[in-house]
*Asks:* 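My questions will all concern the structure given below.
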Amino acid sequence: QVQLVESGGGLVQPGGSLRLSCAASGRTFSSYAMGWFRQAPGKEREFVARINWSGGIRYYADSVKGRFTISRDNAKNTVSLQMNSLKPEDTGVYYCAAGLVGSMQAGRYDYWGQGTQVTVSS
């Protein structure tokens with residue numbers, strides 16, 4: 001069992017930065033691949049980034065590549081998403097997720113956080 005709690009969302013101007021964090025409970029955190037997804041109003045949840053159990057393999061959605069960076073600290077049971085050069089289209093609720101197999105598909109993840117709101121607006 002893994003419980004996930006996101007933090008770090010907020011309101012930011014276009015071009016600004018935010019750092020999201022996801023704190024995980026449980027002693028098996030390092031066994032899980034972690035992913036970040038987001039959902040804008042009226043849209044389906046979409047993949048943002050994922051990282052394997054060791055942190056050595058990372059994948060990004062084309063829309064965030066070069067602007068977002070996913071990282072993890074297994075000693076602290078945390079995964080982070082550094083978001084730079086934010087755009088209005090990055091607005092949405094951001095969720096972290098844990099799964100035994102990393103994937104771009106939300107259905108492959110077993111555990112989800114409650115989400116944190118990110119709003120990019122002037």
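The figures that follow rest on heavy atoms only: side chains count, while hydrogens, waters and symmetry mates do not. Residue indices begin at 1 and follow the sequence shown. Quantities reported herein were computed from a predicted structural model and do not represent experimental measurements.
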*Asks:* Would you call Lys65-Asp62 a salt bridge at under 4.0 Å N-O?
*Replies:* yes

*Asks:* Look at the aromatic rings of Tyr109 and Phe37 and report parallel, tilted or perpendicular, splitting at 30° and 60°.
*Replies:* perpendicular

*Asks:* If you count heavy atoms of other groups shown closer than 6.0 angstrom to CD of Glu44, is the number above 12?
*Replies:* no

*Asks:* Taking ring-ring contact (aromatic ring centres under 6.0 Å, His included) as the definition, give me every residue that meets it alongside Tyr95, ordered by chain and number, with sequence neighbours left out.
*Replies:* none

*Asks:* Hey, does Leu11 have a side-chain heavy atom less than 4.5 Å from the side chain of Gln117?
*Replies:* no

*Asks:* Report, as yes or no, whether the 6.0 Å neighbourhood of atom CZ on Arg58 holds more than 12 heavy atoms from other residues, nucleotides or ligands.
*Replies:* yes

*Asks:* Can you measure from OG1 (Thr116) to CG (Leu81) and round to the nearest 0.5 angstrom?
*Replies:* 11.0 Å

*Asks:* Look up atom CG in Asn77 and atom SG in Cys22, then write down how far apart they are to the nearest 0.5 Å.
*Replies:* 10.0 Å

*Asks:* Do Met104 and Trp112 share a hydrophobic cluster, counting only Ile, Leu, Val, Met, Phe, Trp and Tyr and linking them when any side-chain heavy atoms are less than 4.5 Å apart?
*Replies:* yes

*Asks:* Nearest heavy-atom pair of Cys96 and Glu6: which atoms, and what distance?
*Replies:* N-OE2, 2.8 Å

*Asks:* Arg38 versus Ser63: any side-chain heavy-atom pair under 4.5 Å?
*Replies:* yes

*Asks:* According to a hydrophobic-cluster definition based on side-chain heavy atoms being under 4.5 Å apart (Ile, Leu, Val, Met, Phe, Trp, Tyr only), do Tyr94 and Val12 belong together?
*Replies:* yes

*Asks:* For Phe29 and Arg72, work out which heavy atoms get closest and say how close.
*Replies:* O-NH2, 3.1 Å

*Asks:* So which heavy atom on Gln82 is nearest to which on Ser17, and how close?
*Replies:* NE2-CB, 4.0 Å

*Asks:* Same hydrophobic cluster for Val93 and Leu18, using side-chain heavy-atom links shorter than 4.5 Å among ILVMFWY?
*Replies:* no

*Asks:* So how far is it from Thr91 OG1 to Gln39 CD, rounded to the nearest 0.5 Å?
*Replies:* 13.5 Å

*Asks:* Would you name the heavy atoms of Pro14 and Ser122 that are closest together and state the gap between them?
*Replies:* CD-N, 3.7 Å

*Asks:* Do you reckon Ile70 sits in the same ILVMFWY cluster as Leu86, going by side-chain contacts under 4.5 Å, direct or chained?
*Replies:* yes

*Asks:* I'd like to check the ring-ring contact (aromatic ring centres under 6.0 Å, His included) partners of Tyr60; sequence neighbours left out, ordered by chain and number.
*Replies:* none

*Asks:* If you draw a 6.0 Å radius around CD in Gln3, do more than 12 non-hydrogen atoms from other residues or ligands fall strictly inside?
*Replies:* no

*Asks:* Working to the nearest 0.5 angstrom, can you tell me the gap between Leu20 CG and Thr78 OG1?
*Replies:* 12.5 Å

*Asks:* To the nearest 0.5 Å, what is the distance between CD1 (Ile57) and CZ (Arg50)?
*Replies:* 8.0 Å

*Asks:* Starting at OG of Ser80, measure out to CZ of Phe68 and round the result to the nearest 0.5 Å.
*Replies:* 13.5 Å

*Asks:* Which pair of heavy atoms, one from Arg108 and one from Val101, lies closest together, and at what distance?
*Replies:* NH2-CG1, 3.8 Å

*Asks:* Taking atom OH of Tyr111 as the centre, report whether more than 12 heavy atoms of other residues, nucleotides or ligands fall under 6.0 Å from it.
*Replies:* yes

*Asks:* If I compare all heavy atoms of Met34 with all of Ala98, which pair ends up nearest, and what's the gap?
*Replies:* SD-CB, 3.5 Å

*Asks:* Check whether any side-chain heavy atom of Val118 sits under 4.5 Å from a side-chain heavy atom of Met83, and report yes or no.
*Replies:* yes

